[in-house]
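Notes for the one structure printed next.
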There are 2 protein chains.
Amino acid sequence: MNKSELKVLGVLERVGGFASAQEVYQLLQRGNQSIGLTTVYRALQSLLDDKVVDTLRRDDGEAIYRLCGENHHHHLVCKSCGTTIEIQANAIEKWAQQMASDHGFREVGHTAEIFGICKKC
Amino acid sequence: MNKSELKVLGVLERVGGFASAQEVYQLLQRGNQSIGLTTVYRALQSLLDDKVVDTLRRDDGEAIYRLCGENHHHHLVCKSCGTTIEIQANAIEKWAQQMASDHGFREVGHTAEIFGICKKC
DNA sequence: TTTAATGCAAATACTTTGCAGGAAA
DNA sequence: TTTCCTGCAAAGTATTTGCATTAAA
């Protein structure tokens, strides 16, 4: 675990959810923690190998990462104004676990998002 | 629905599962149905808009497509080998509706995906 | 000194876009 | 003609790799 990996971990902690390599890089640039993009990729790859972070793909194909085992939440997003509401979803957590074990899956994660038009719009 | 879209649909039917744009393109090249890569991408985009096909991302970020059934479903995806299982989820449908109406949202849709490592991997 | 870490620049792979020629209506 | 369809080439984006430089042990 070297200096770069610690910086990347720091960002992921602050973000408290998913972030792409490009986002991590930009956040580091804004702070005074600047490191190269290549190094961010290498740090993330290494953290993945060590199973410290978890990865999946956004709809546009960009890889996003988060700390493993972190409690996550879901979002209710307005398609019109972009307002985002964080929601708790025990039902979803259970559902995901259930479905996964029904099919013999392990190391399970999930994503879920609700979108629509909010009151104001 | 034009000629190119029909060719792409034909391939997806024959494949009977997921295929990437690049794969569709190569399969068409091998047959005597050759069309340009650009056209394959455009056809897939159009089929997506018409909700005739369904898309997901492979682990390497490549987009894969397949014909979609009429009913709304979710996916259980193996992060290792890409195996995908379709699952029904009434619980999720209800949850999404509930959460949305709790917050005064309308025209509601949602996404949900479970990922993990499957039995074989 | 010997090894590991860094980052620029180039390479790679998938995907999208600009544009000009061709088909269809 | 006028509109839509095609596909080549170029551009764009995320990611990886080669390589020379620097930091660390």
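Only heavy atoms go into these numbers, but all of them, side chains included; no hydrogens, no water, no symmetry mates. Per chain, numbering begins at 1; letters A, B, ... match sequence-line order.
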Rounded to the Å, how far apart are [X] [atom1] and [N] [atom2]?
{"X": "A:Glu23", "N": "D:dA14", "atom1": "CD", "atom2": "P", "value": "10 Å"}
{"X": "B:Gln45", "N": "C:dC14", "atom1": "CD", "atom2": "P", "value": "18 Å"}
{"X": "B:Lys3", "N": "D:dC4", "atom1": "NZ", "atom2": "P", "value": "17 Å"}
{"X": "A:Arg42", "N": "D:dG18", "atom1": "CZ", "atom2": "P", "value": "10 Å"}
{"X": "B:Gln26", "N": "C:dT15", "atom1": "CD", "atom2": "P", "value": "12 Å"}
{"X": "B:Leu47", "N": "D:dC5", "atom1": "CG", "atom2": "P", "value": "13 Å"}
{"X": "B:Ile64", "N": "C:dT15", "atom1": "CD1", "atom2": "C1'", "value": "16 Å"}
{"X": "A:Arg58", "N": "C:dT15", "atom1": "CZ", "atom2": "P", "value": "17 Å"}

Could you tell me whether B:Ser4 contacts a base, only the sugar-phosphate backbone, or nothing, with contacts defined as non-hydrogen atoms closer than 4.0 Å?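 Here B:Ser4 touches the backbone only, sparing every base.
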Applying side-chain hydrogen bond (donor to acceptor under 3.5 Å, both in side chains), name anything that partners A:Asp60, two or more places apart in sequence or on another chain.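 So A:Asp60 forms no side-chain hydrogen bond (donor to acceptor under 3.5 Å, both in side chains) with any residue.
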Charged N to carboxylate O below 4.0 Å: is that the case for A:Glu23 and A:Arg58?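 Salt bridge: yes.
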What I want to find out is whether B:Arg66 reaches B:Glu86 closely enough, with some N-O distance under 4.0 Å, to be called a salt bridge.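 Answer for the salt bridge query: yes.
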Using the closest heavy atom to pick a nucleotide of DNA chain C for each, name whichever of B:Ala63 or A:Thr38 lands nearer the 5' end.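 Of the two residues, A:Thr38 wins.
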Is the phosphate of C:dT6, meaning OP1 or OP2, less than 4.0 Å from a side-chain N or O of A:Thr39?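 Checking C:dT6 against A:Thr39, no side-chain N or O comes under 4.0 Å of OP1 or OP2.
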Indicate whether OP1 or OP2 belonging to D:dA24 is found under 4.0 Å from a side-chain N or O atom of A:Asn2.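 Looking at the OP1 and OP2 atoms of D:dA24, neither is under 4.0 Å from any side-chain N or O of A:Asn2.
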Let me have the donor-acceptor pairs involving side chains of residues 2-17 of chain B, under 3.5 Å, with sequence neighbours excluded, atom names and distances please.
from: B:Asn2; atom 1: OD1; to: B:Ser4; atom 2: N; distance (Å): 3.1
from: B:Asn2; atom 1: OD1; to: B:Glu5; atom 2: N; distance (Å): 3.0
from: B:Glu5; atom 1: OE2; to: B:Ser46; atom 2: OG; distance (Å): 3.0

Compare all side-chain heavy atoms of B:His110 with those of B:Ile92 and state whether any distance is below 4.5 angstrom.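 Answer yes - side chains close enough.
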Which one, [options], comes nearest to the side chain of [X]?
{"X": "B:Tyr41", "options": "D:dT16, D:dT15, C:dT16", "answer": "C:dT16"}
{"X": "A:Leu37", "options": "D:dT16, D:dT15, C:dT15", "answer": "D:dT15"}
{"X": "A:Ile35", "options": "D:dT6, C:dG7, C:dT15", "answer": "C:dG7"}
{"X": "A:Glu62", "options": "C:dT15, C:dT6, D:dA14", "answer": "D:dA14"}

